[in-house]
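The next block holds one structure in the form of structure tokens; read it before the comments.
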Amino acid sequence: MTTEIEKSAARSSDSSDNRRYTPGDIEKKWQKVWEETGQNHADDNDPRPKFYNLVMFPYPSGDLHIGHWYNFTGVDVFGRFQRMNGYNVMQPLGFDAFGLPAENAAIKRGVQARKWTLSNIEKMRSQLKTMGGIWDWQREVVTCLPDYYKWTQWLFLKLYEAGLAYRAKAPVNWCPNDQTVLANEQVLADGTCERCGAVVEKRELEQWFFKITSYADRLLDFKEVDWPERTMLMQKNWIGRSEGARVNFMITGPDGQETTVPVFTTRPDTLFGVTFFLLAPEHPLVEKVTTPAQQAEMAAYVAKARSETDFERQSSEKKKTGVFTGSYVTNPINGEKVPVWVTDYVLMGYGTGAVMGVPAHDQRDFEFARTMGLPVRLVYEPDDRSISADEMTQALVHEGHVVNSDQFNGLPDSQETVKTFIRFIEEKGVGKAEINYRLRDWLISRQRYWGTPIPMVFCETDGIVAVPESQLPVILPEEVNFRPDGVSPLQYLPEFVDTTCPKCGGPARRETDTMDTFMCSSWYFLRYCDAQDAEAAYDRAKVNRWMPVDQYTGGPEHATMHLLYARFFTKALHDMGLLDFDEPFRKLFHQGMIRSEGKKMSKSRGKTVAPDALVEQFGADAVRCFLMFLGPFDQGAEWNDKTEQLLSGVSRFLNRVWNLVQNAETAGPPVVDSAVEKEIRRVTHKTIKRVVDDLGHWALNTALSGLMEFTNSLYEFAAKQPGVYNTPAWKEAIETLLLLLAPLAPHITEELWQQTGHTGTIHTQRMPAFDPALAVDEVVTIVVQVNGKVRDKIEVAAGLGEEEVKATVLASPKVAAAMEDKHPKKVIYVAGKLVNIVV
RNA sequence: GCGGGAGUGGUGGAAUGGCAGACACGAUUGACUUAAAAUCAAUUGGAGCAAUCCGUGCGGGUUCGACUCCCGCCUUCCGCACCA
């Protein structure tokens, strides 16, 4: 008889048992060991094949939230998996450290942007270390430090030398209240300033651009990459290639002077249908061709268009508006004169800023014609019915055959017809075939302080002069005063602005704009290959050792920004002879995002959840598994009150894995039952197949459920036959479980690996090899259907032939009952799976 | 408007055209406990006493057989959006 006190004592000693799973201690212990043994550093000279596992680096916003953890855990699981497949995995991390939030913190709270950023990095790095990732910290890059941005400046100079950087006037977002330029992200969807709510205006400023448009066609070529279809499609749409023609019209101004105005059109086959001509409000000819009688109305219209936000102006719901210039243009194909109008639906930034109006066959032109009472002339007619221009309610697009077009009448609506027209205008010398892109040149100037200074000076005698390489880096001053007056605070620092011209030695001013932060992220993956190089941006041999990136992981929101810029950079550097390849990222994967209240979890958007408390309570392994168990990695997850409940499931699972190993320690001697051992081996090898496949294609949630099922069946084996403990098959099973789980839960598996008598780290072991012979089923369950409905399930020996299986099925009483004495018309047989009897 | 995803129990989610709901969460019950937590065991899509029937956003179709393929819708998320 045990007393209550004794029981209680047993319980409390049980709870302090040192064989209990205590993630906190285990995780700290192993993280220290891993760091000391340097096992996460990828050596350049390692003979194993390389695997460059890259994740989009974070912005150091202040603290690491659960969304970061989700992202980085998935990447780390994949990297660890590849390492266990025998690769020399390089998995670096760094910080994209220039950008607006630091500057806003400086303005609002008076902290120095640099200090704010570096302390955030410090904090995030230490938070990140608790997840036990294989980040190669020796390769860390921080883009706001001079030893990095020196080379960003150097790359700018290289692009400038190659003729890929130029300076031009361009409109920027201007807040009249704050007296400052805003980034596009700071302009809200309704066109107001995110800080003060004032309506944002456009201003023309001299800006630096990169000629990304000259790479448009190269960027449309995806032959060398294995990317998600949708990402390539987004880039294709963004680049927006359209084939067509440039056609020259002749405007006669009020002074009688003639000026050639080209238009771009994808439909030169509708040239006979032109009934008016349109100019964008910003078009340089507007003032010149407007007659005195129209001047006042035109000036008002242009001023209004300029003051409108892109959002207001580009709404397709908006009614068509416009003003007649009073002038006429000559259609080169038939010599007809048509009126020239100005309208805001023609954009200065696309094509030539001038458009030929073909209302019969373009919906926008049709609406414009109806609003302004302009004529509509059909140059295509449907093949099966006749229509009249007066009765049309919408434009006729891509239908019928050519009419009212002289010798072209009767041609079908086709690419061939378009080409026929292009040949004609080329022969006449009034135009030529042309390809146009939606893509614009990349504007990299920012009237901001916290960014890489543009290494250029302005000299009165020599004009724009590049800072020589030997004078790099152009250091960004740390102490500045912020004044909300629309210019970079750098302009108020004479010690920064005033310099001497590198060419003539005379007085010169430095460029005070800084670079778009996308510049920093367009080459960081190269710097990781040689992060500590003080002599060069990167060593060619080292970059060749690691590039291209084998696996790149990041959010889909970067499809048309960062991913396009980085490809452009790589191609441009390749063409300058600075790289041996021209595609940076071989494989791409977009992880989903953790959302709260439907929106991406991020500090700038409000609510975030910190992982620290969860890690403290359940351990990093449990949090890692939990996040990966939420669903497919590319789907992300909604974070709400119920989400965290799922953590207890994986936490229990890890405890069960732990206890499974402890139970074997206290179990008696093995009792060998060859049939049971065979069964254990079968389950083990089926699991290897499943989990390895899943880990290989990012199905991390099902990899985990496979391991849970495996663990559950091991418990069942042990419950049925306690003698299985410590049999060779059992040991193989436990070893397999630990190896397969290691990428997901690195700490507990390392600890148990040691406990089960292994030496050396589990993480550099190879993944267990799948042996198909051991995974073969001996007995299979055949599903029996009658007319497609399941009526019975029959167990048969796996090798049984078709006829024997059918005979067994037909002998089933349940099947007989379902068949109701009818004769089988047809019997479908799927080997090892199913028999369907059709009666 | 165009392009691309996604719609499955109370919840997160599984399912090479072949047993819908694996694996978990939650819930209910039981064991252990003075009690709770933890753990273990059982049940858990709906209806029905049952045999059985009904169920993967909606409507059609292909097929012996459809969550899966095809056509037409609806809802929702993402990207682009007056691009000539």
Side-chain angles (χ1 to χ4, degrees), chain A residues 4 7-8 11 14-15 228-231 233-238 240-242 244 263-267 270 278 280 313-318 320 343-347 349-358 361-365 367-368 436-440 556-557 559-560 590 592-593 595 598 626 629-632 634-638 640-650 652-653 655-656 659 699 701-712 715 719 781-793 817 824-830 833-839:
Chain A
E4 292 305 328
K7 274 191 199 164
S8 174
R11 275 198 305 280
D14 194 49
S15 68
E229 204 59 47
R230 60 174 170 141
T231 310
L233 209 70
M234 273 166 73
Q235 290 205 348
K236 275 181 196 160
N237 292 342
W238 183 266
R241 180 191 155 103
S242 350
V263 299
F264 172 74
T265 177
T266 54
R267 299 301 306 269
T270 61
L278 301 165
R313 193 170 149 182
Q314 294 185 0
S315 157
S316 49
E317 269 100 79
K318 204 178 122 178
K320 295 286 179 283
T343 179
D344 63 1
Y345 80 85
V346 172
L347 309 171
Y350 184 78
T352 62
V355 169
M356 60 187 215
V358 187
H361 307 293
D362 181 281
Q363 187 57 28
R364 295 154 300 176
D365 294 348
E367 287 166 21
F368 188 77
N436 236 294
Y437 301 92
R438 208 193 69 96
L439 182 72
R440 316 289 163 83
E557 69 273 17
T560 52
H590 295 302
M593 61 192 183
R595 301 170 301 268
F626 153 66
F629 194 60
L630 285 173
D634 57 353
Q635 233 168 71
E638 178 68 32
N640 55 36
D641 298 342
K642 285 191 170 170
T643 312
E644 275 180 50
Q645 290 182 352
L646 298 173
L647 184 42
S648 54
V650 281
R652 260 173 225 157
F653 162 65
N655 263 295
R656 277 164 66 78
N659 291 334
N701 57 329
T702 48
L704 258 171
S705 60
L707 291 168
M708 287 174 177
E709 282 180 62
F710 185 40
T711 305
N712 292 347
Y715 267 99
T781 305
I782 303 286
V783 173
V784 186
Q785 299 181 333
V786 177
N787 287 338
K789 291 196 170 173
V790 180
R791 295 301 173 184
D792 200 4
K793 289 170 199 176
K825 214 181 343 182
K826 197 173 171 187
V827 179
I828 313 284
Y829 172 76
V830 183
K833 272 191 179 161
L834 168 136
V835 174
N836 188 11
I837 302 162
V838 187
V839 295

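Throughout, a chain's letter reflects where its sequence line sits, starting with A, and its residues are numbered from 1.
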Set of salt bridge (charged side-chain N to carboxylate O under 4.0 Å, His left out) partners for A:D365, sequence neighbours left out | none
Nearest-Å distance for atom pair CG/P, residues A:D634 and B:rG4 | 18 Å
How far, in whole Å, is B:rU43 from B:rG10 if one measures between their C1' atoms?
-> 15 Å
When all nucleic acid strands are considered with a 4.0 Å heavy-atom cut-off, which category describes A:N659: base, sugar-phosphate, or nothing?
-> nothing
Over how many whole Å does the gap from A:M593 atom CE to B:rC78 atom P extend?
-> 7 Å
A:D362 CG to B:rG1 C1': how many Å, rounded?
-> 13 Å
Whole-angstrom distance between B:rU8 and B:rU75, as gauged at atom C1' = 15 Å
With a 4.0 Å cut-off on heavy atoms, is A:R440 in touch with a base, just the backbone sugar-phosphate, or nothing at all?
-> base
Helical stems, RNA chain B - three or more consecutive Watson-Crick or G-U wobble pairs below 3.5 Å | B:1-7 with B:74-80, B:10-12 with B:23-25, B:26-31 with B:39-44, B:45-47 with B:52-54, B:57-61 with B:69-73
If the P atom of B:rG46 is compared with that of B:rU11, how far apart are they to the nearest Å?
-> 12 Å
Counting distance only, does the side-chain N/O of A:R438 pair as donor-acceptor with the main-chain N or O of A:W238 below 3.5 Å?
-> yes
Does A:A559 offer a backbone N or O that forms a donor-acceptor pair with the side chain of A:Q235 under 3.5 Å?
-> yes
Just compare B:rA84, B:rC64, B:rC23 and give me whichever is closest to any side-chain atom of A:V838.
-> B:rC64
Classified by glycosidic angle (syn within 90° of 0, else anti), B:rG9 comes out syn
Taking CZ from A:F710 and C1' from B:rA24, how many angstroms apart are they, rounded to a whole number?
-> 19 Å
Contacts of type side-chain contact (heavy atoms from CB on, under 4.5 Å), residue A:N436, not counting sequence neighbours | A:F264, A:Y350, A:E434
Across the strands shown, which category fits A:T343 at heavy-atom distances under 4.0 angstrom: base, sugar-phosphate, nothing?
-> nothing
Scoring nucleotides 7-19 of chain B by protein non-hydrogen atoms under 4.0 Å (B base, S sugar-phosphate only, - none) yields ----SBSS-B-BB
side-chain N/O A:R438 vs B:rA81 OP1/OP2, d < 4.0 Å | yes
Considering just the side-chain nitrogens and oxygens of A:K789, establish if one lies under 4.0 Å of OP1 or OP2 belonging to B:rA20.
-> no
Could you check A:F264 against A:E709 and say which one's nearest nucleotide on RNA chain B is further toward the 5' end?
-> A:E709
Residues in side chain to side chain donor-acceptor pair (under 3.5 Å) contact with A:E709, at least two apart in sequence or another chain = A:R690
To the nearest angstrom, how far is A:W238 atom CH2 from B:rC78 atom C1'?
-> 14 Å
A:L233 side chain: which of B:rC23, B:rG4, B:rC83 is closest?
-> B:rG4
Separation of A:N237 atom CG from B:rG1 atom P, in whole Å?
-> 17 Å
Atom pair distance, as rounded to whole Å: CZ in A:R364 and C1' in B:rC83 | 7 Å
N/O to N/O distances under 3.5 Å, protein versus nucleotides 39-46 of chain B:
{"from": "B:rC40", "atom 1": "OP1", "to": "A:R656", "atom 2": "NH1", "distance (Å)": "3.0"}

Ignoring hydrogens and angles, tell me if any N or O in the side chain of A:N659 forms a donor-acceptor pair with the backbone of A:N655 under 3.5 Å.
-> yes
For A:E557, what residues pass the side chain to side chain donor-acceptor pair (under 3.5 Å) criterion, not counting sequence neighbours?
-> A:K600
Roughly how far apart, to the nearest Å, are B:rG12 and B:rU16 at atom C1'?
-> 25 Å
Can you tell me if A:N836 uses its side chain to pair, donor with acceptor, with the backbone of A:G788 under 3.5 Å?
-> yes
Go through the structure and list residues passing side chain to side chain donor-acceptor pair (under 3.5 Å) with A:T643, not counting sequence neighbours.
-> A:N640
Take the protein atom CE of A:M708 and the nucleotide atom C1' of B:rC23, then report the distance between them rounded to whole Å.
-> 7 Å
Could you give the distance separating B:rU52 and B:rC58 at their C1' atoms, to the nearest angstrom?
-> 27 Å
Residues which pass side chain to side chain donor-acceptor pair (under 3.5 Å) with A:S648, listed by chain and number, not counting sequence neighbours | none
Could I get the full list of salt bridge (charged side-chain N to carboxylate O under 4.0 Å, His left out) partners for A:R656, not counting sequence neighbours?
-> none
P atom, B:rC71 versus B:rG3: distance in rounded Å?
-> 13 Å
Tell me what A:V346 touches on the nucleic acid: a base, only sugar-phosphate, or nothing, going by heavy atoms under 4.0 Å.
-> base
P-based separation of B:rC2 from B:rG9 [nearest Å] | 30 Å
Could you pull out all residues at least two apart from A:E644 that satisfy salt bridge (charged side-chain N to carboxylate O under 4.0 Å, His left out)?
-> none
Rounded to whole angstrom, note down the P distance from B:rA35 over to B:rC54.
-> 48 Å
On RNA chain B, check which nucleotide each of A:K826 and A:P556 is closest to and give me the residue with the more 5' one.
-> A:K826
Checking B:rC83, B:rG79, B:rA84 against the side chain of A:M234 (C-beta onward), the nearest is B:rG79
What residues form a ring pair (Phe, Tyr, Trp, His ring centres under 6.0 Å) with A:F368, not counting sequence neighbours?
-> A:F276, A:W341, A:Y345
Residue pair A:F629 / A:L646, side-chain heavy-atom distance below 4.5 Å | no
